Trainee: 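Below you'll find the structure I mean.
Predicted model, so just to flag it, every value in this text is computed and none were measured. By convention here, the first residue in the shown sequence is residue 1.
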Amino acid sequence: MNSDRWMQWPSREALAREGLSFARLWFVRVLRVLILAVLLWEAFHQDRGWRLVAGVALVVLCGGLGWAFFRTSFDHRLWPSLALLVLLIAAAYAAALGDWRALALVLWCGTAVAALERLPLAAGVACVIVSLSAFAVYNTDNWLVTGLIVVGLALAGYTLRLDAEARGSTQRMLAQERAARVAEAETAALAERARIAREIHDVLAHSLSAQLVHLEAARLLIEGEATREQILDRVVAARSMAREGLAETRQALSALRGELTPVEDFLRELVASDGASVAVTGARRALPAEASQAVRRVAQEAVTNVRKHAPGAKVTVLLDYGEGEVTLDIRDSGAPPGELATSGAGYGLLGMRERAELLGGSLMAGPGEEGFVVTLKVPT
């Protein structure tokens with residue numbers, strides 16, 4: 001584990017500028033400009049003729065080498081980075097021999113700090129030893145001051161490395177969070193599309209099933225040579241169911257947008273034409289959109305099945321607001337089946353059961369003491 005740390009590069013996020021504050025970015029830029037200005041001032045102030053040209057050329061060359069080192073270390077290219085540091089250290093020796101003192105000191109200190117901050121620790125420590133040893137030999141201060149400077153530079157480089165790694169970790173976490181948010185938004189969009197598709201499917205299934213009842217009745221009337229008025233009544237009823245289906249589709253879309261009418265009012269309107277009773281127990285409260293839609297769709301499906309399989313049966317509806325869940329109970333009196341009792345394949349209740357299970361609830365449908373019972377339980 002330790003060997004891996006010694007050979008591990010700082011991450012790209014740590015070596016990049018992202019995450020640096022505005023003030024820190026400007027501080028670094030101003031510091032670089034000041035260092036460059038001091039070095040150029042030394043070259044212009046002390047030298048004339050060819051030494052002036054050589055001094056300026058050496059400053060420009062070191063600036064280019066430093067920029068190239070920042071690029072190669074950002075790309076995690078070890079040997080080119082080490083080669084550039086060797087050239088910078090050699091340029092510092094040349095500056096010391098040419099009596100450009102400030103340039104030599106800046107290069108030795110800068111290469112030590114940059115190597116420790118941007119290279120793997122093994123390579124960085126080696127460069128630090130070479131650069132700061134040369135600095136200690138060349139520096140004219142007493143040994144205590146020189147030692148403090150060397151230790152301070154090493155600590156500064158390592159501190160910058162730790163700071164860069166912490167900033168890189170923060171940037172990676174932010175990137176992961178953004179990716180998670182994008183994935184969450186995409187998942188939510190897909191779930192919303194699935195919910196809309198399910199609602200439209202249930203509305204159309206209910207509407208088309210009811211239309212099928214009337215159209216099948218019209219077929220039987222035609223085969224039985226019924227009167228024109230009887231057949232027309234069935235066709236008109238099928239047309240009315242188609243209109244109701246469109247209205248229910250619009251209502252479902254409105255419900256998905258949160259424009260819901262109270263469930264108990266919806267149930268009373270649903271069974272008003274059948275003369276059925278609706279009882280509501282428990283503390284009434286607003287239901288989540290999906291739970292409310294599940295109650296509505298199950299009620300529509302159950303009432304349609306009663307009309308289709310047991311026309312004329314007495315229907316009772318119970319809506320119970322329990323703690324943590326809502327229960328819908330619909331049962332009929334078990335009147336003799338009508339002529340269309342054998343139509344349909346039971347897919348409506350199967351779809352309602354799947355809807356309830358998706359919400360963490362349950363749906364039970366089967367014969368009761370007198371007729372057929374449908375019980376839905378949905379957590380709220």
Side-chain angles (χ1 to χ4, degrees), residues 1-33 35-36 59-93 95 103-136 149-183:
M1 188 70 180
N2 291 333
S3 60
D4 292 340
R5 178 169 178 79
W6 278 93
M7 298 305 298
Q8 186 177 6
W9 282 88
S11 65
R12 286 177 175 267
E13 293 84 1
L15 299 178
R17 295 179 180 179
E18 286 77 9
L20 290 175
S21 64
F22 179 79
R24 185 169 176 177
L25 280 174
W26 274 102
F27 173 78
V28 172
R29 292 169 182 171
V30 171
L31 181 62
R32 290 175 181 174
V33 171
I35 293 174
L36 181 61
V59 171
V60 174
L61 174 63
C62 292
L65 292 174
W67 177 86
F69 168 75
F70 274 79
R71 297 305 306 170
T72 55
S73 61
F74 179 78
D75 294 333
H76 291 176
R77 298 164 59 192
L78 180 60
W79 293 112
S81 299
L82 290 175
L84 290 168
L85 281 181
V86 169
L87 290 176
L88 285 170
I89 294 173
Y93 279 106
L103 179 58
L105 294 177
V106 167
L107 287 175
W108 278 322
C109 296
T111 53
V113 173
L116 201 55
E117 178 188 4
R118 301 181 68 87
L119 293 181
L121 278 177
V125 170
C127 293
V128 167
I129 293 174
V130 173
S131 297
L132 294 185
S133 296
F135 168 81
I149 294 175
V150 168
V151 172
L153 289 171
L155 289 176
Y158 191 66
T159 301
L160 289 175
R161 181 189 187 90
L162 293 178
D163 177 72
E165 288 179 346
R167 189 177 67 252
S169 298
T170 302
Q171 292 301 312
R172 286 195 298 274
M173 291 178 62
L174 290 175
Q176 292 172 0
E177 184 179 355
R178 285 193 291 267
R181 288 180 178 177
V182 171

Trainee: If you round to the nearest 0.5 Å, how far is CG of Leu85 from OG of Ser131?
Mentor: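 One finds 7.0 Å between OG of Ser131 and CG of Leu85.
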Trainee: Measure the spacing between CG of Leu116 and OG1 of Thr159 and express it to the nearest 0.5 Å.
Mentor: 9.0 Å
Trainee: At their closest point, which heavy atom of Ala123 faces which heavy atom of Leu82, and how far apart are they?
Mentor: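 Scanning both residues, the minimum pair turns out to be CB-CD2, 4.0 Å.
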Trainee: Is the ring centre of Trp108 less than 6.0 Å from the ring centre of Tyr93?
Mentor: yes
Trainee: Return the minimal non-hydrogen interatomic distance between Phe69 and Ser81, and the atom names on each side.
Mentor: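 What the structure gives for the nearest pair is CD1-O, 3.6 Å.
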Trainee: What's the spacing between Glu165 CD and Thr170 OG1 if we round to 0.5 Å?
Mentor: 11.5 Å
Trainee: Drop me the distance from Met173's CE to Arg178's CZ, to the nearest 0.5 angstrom.
Mentor: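 One finds 12.0 Å between CE of Met173 and CZ of Arg178.
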Trainee: For Arg12, is the CZ atom crowded, meaning more than 12 foreign heavy atoms sit under 6.0 Å from it?
Mentor: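 Counting neighbours around CZ of Arg12, more than 12 heavy atoms of other residues, nucleotides or ligands fall under 6.0 Å, so yes.
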Trainee: Please report the shortest heavy-atom distance between Gly168 and Ser11, naming the atom on each side.
Mentor: CA-OG, 4.1 Å
Trainee: Donor-acceptor check, side chain of Arg161 to backbone of Leu119, threshold 3.5 angstrom: yes or no?
Mentor: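 Present.
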Trainee: What pair of heavy atoms forms the shortest contact from Leu121 to Tyr158, and how long is it?
Mentor: CD2-CE1, 4.2 Å
Trainee: Checking Ser169 now: which residues fulfil side chain to side chain donor-acceptor pair (under 3.5 Å) with it, not counting sequence neighbours?
Mentor: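 Ser169 satisfies side chain to side chain donor-acceptor pair (under 3.5 Å) with Arg172 only.
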Trainee: What heavy-atom pair brings Leu107 and Cys62 nearest, and what distance separates the two atoms?
Mentor: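 Minimum heavy-atom separation between Leu107 and Cys62: CD1-SG, 3.6 Å.
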Trainee: If I take atom CZ from residue Arg77 and atom CG from residue Leu84, how far apart are they, to the nearest 0.5 angstrom?
Mentor: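 These two atoms lie 9.0 Å from each other.
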Trainee: Are any non-hydrogen side-chain atoms of Val113 and Val128 less than 4.5 angstrom apart?
Mentor: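 Heavy-atom side-chain distance check fails, nothing below 4.5 Å.
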Trainee: Return the minimal non-hydrogen interatomic distance between Ser73 and Phe70, and the atom names on each side.
Mentor: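 Reported closest heavy-atom pair: OG-O, 3.1 Å.
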Trainee: In Å and rounded to the nearest 0.5 Å, what is the CZ to CG distance from Phe135 to Leu153?
Mentor: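 With rounding to 0.5 Å, CZ (Phe135) is 6.0 Å from CG (Leu153).
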Trainee: Are the side chains of Cys127 and Thr111 in contact, using a 4.5 Å heavy-atom criterion?
Mentor: no
Trainee: For Gln171 and Leu174, what are the C-alpha separation, side-chain angles and deciding distance, and is it a side chain to side chain contact (heavy atoms under 4.5 Å, CB included)?
Mentor: CA-CA 5 Å; Gln171 292 301 312; Leu174 290 175; 4.1 Å; yes
